[in-house]
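Here's the structure, in structure tokens; my notes come after.
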Amino acid sequence: MLHRTGVQNKAEPQPQNLDGVAALRHPSDPMSTSAPILPATDDAIAQAAAHLRAGRLVAFPTETVYGLGGDATDDHAVAAIFAAKGRPSFNPLISHLPDLDAARKLAIFTPLAERLAANFWPGPLTLVLRRRPDCPVSHLACAGLDTIALRVPAHPVATRLLRATGRPVVAPSANPSGKVSPTQAQHVRNLLGDRLALVLDGGACAIGVESSVVDATGDRPVLLRPGGVTLEALEQAVGPVTLPEHDPDAPTSPGQLASHYAPALPVRLNATNAAAGEALLGFGPTDGTEALNLSRAGDLQEAAANLFAMLRALDRPGLSGIAIMPIPETGLGRAINDRLRRAAGPR
Ligand code: AMP
Ligand code: MG
């Protein structure tokens, strides 16, 4: 389900030119008409890269499925992706890069990760690694975790777009939550056309299933999600692969990934003010006593964009807890509350 804000105006023309009105829209603004589908010429790829760099969303083909792309370093673009997908929770997104060198700038590559990348990149393999301390990718894209998922896709259109953009691009499958992943440009427009600046057409996707996701933070690979690279191929390249427990909330064994981010400090929900020692995280108009505000305007997409960065900023020694004002349980508010309830729950 899409959560639109504002009024749609069907009569407004859709300029193709980057100087045009539509090109000035922010991803949180409603799109009046469905995005154009452009064959992936050099010019169209340059337009798509400019849209991404300006914070807008673009769909593009990969060898697995069409991706809903946004600048991974832009919290607002990432929040717009979650809004477009209409998921009731924030799952971490995969950052896409044109090559291994670009990927190495974002994460700490273990020897295992180097071997996996050498064998399977470019291709349908996603590596989960520890973020470098200076990693510029949005904390919302990583759902607040200290790890990041990286992939170098093999589709030539994806590679050209990523090179032209010059930034990591998050690109979950270009479908609203609960709908099947699109493998053709027209499917994308039917599903999400009003959320996108444009759809790059690269024909039908060859693989049609999503990438395999492997945790390569340790010395033994853990298959977090089966996908385009088979378990057999992984084992042939790097030896035995661990299959995790199926309950995603189950505690992982030492050295494995935490599946959710939670601040070290206790979190108190639906607070109206801060108790002694607490920092108040506000939402909406307030009397100004809060330490930080997710969105003074009460905009849920802005709140989502700020969520993990602000929780991290307030999670510091010397405070006794983080008190959070109520967030409405609508649209992206459901995903925000889902994460906050987990953060406030028993550890
Ligand atoms: P998709 O929506 O197809 O892009 O899927 C992204 C997949 O990558 C999901 O299965 C995520 O749970 C997984 N993923 C992304 N980042 C991480 C991470 N830091 N740790 C564990 N899994 C991740
Ligand atoms: Mg999907």
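Indexing begins at 1, ligand by ligand and atom by atom, following the structure's order.
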Using a strict cut-off of 4.0 Å, indicate which atoms of ligand 1 neighbour a heavy atom of P172. 2 (O), 4 (O)

Enumerate donor-acceptor pairs with a distance under 3.5 Å from any side-chain N or O in residues 310-323 to protein atoms, sequence neighbours excluded.
unit_1	atom_1	unit_2	atom_2	d
R312	NE	H139	ND1	3.4
R312	NH2	G144	O	2.7
R312	NH2	D146	OD1	2.9
D315	OD1	A264	N	3.2
D315	OD1	L265	N	3.0
D315	OD2	A264	N	2.7
R316	NH1	A313	O	3.1
S320	OG	A276	O	3.4
S320	OG	G277	O	3.3

So does D101 pair up with K105, basic N to acidic O under 4.0 Å? no

Minimal heavy-atom distance between S173 and K85, with the atoms involved, is O-NZ, 2.6 Å

Check ring-ring contact (aromatic ring centres under 6.0 Å, His included) between F82 and all other residues, then give those that pass, not counting sequence neighbours. F90

Atoms of ligand 1, numbered as shown, that sit under 4.0 Å from any heavy atom of L224: 21 (C), 22 (N)

Does an N or O anywhere in S173 fall below 3.5 Å from an N or O of ligand 1? no

Can you list the atoms of ligand 1 that are under 4.0 Å from a heavy atom of T147? 18 (C), 19 (N), 20 (N)

Mind checking whether I94 has a heavy atom under 4.0 Å from ligand 1? yes

Atom CG of D219 with >12 non-hydrogen neighbours under 6.0 angstrom: no

With a heavy-atom distance limit of 4.0 Å, tell me whether T126 approaches ligand 1 through its side chain, its backbone, both, or neither. neither

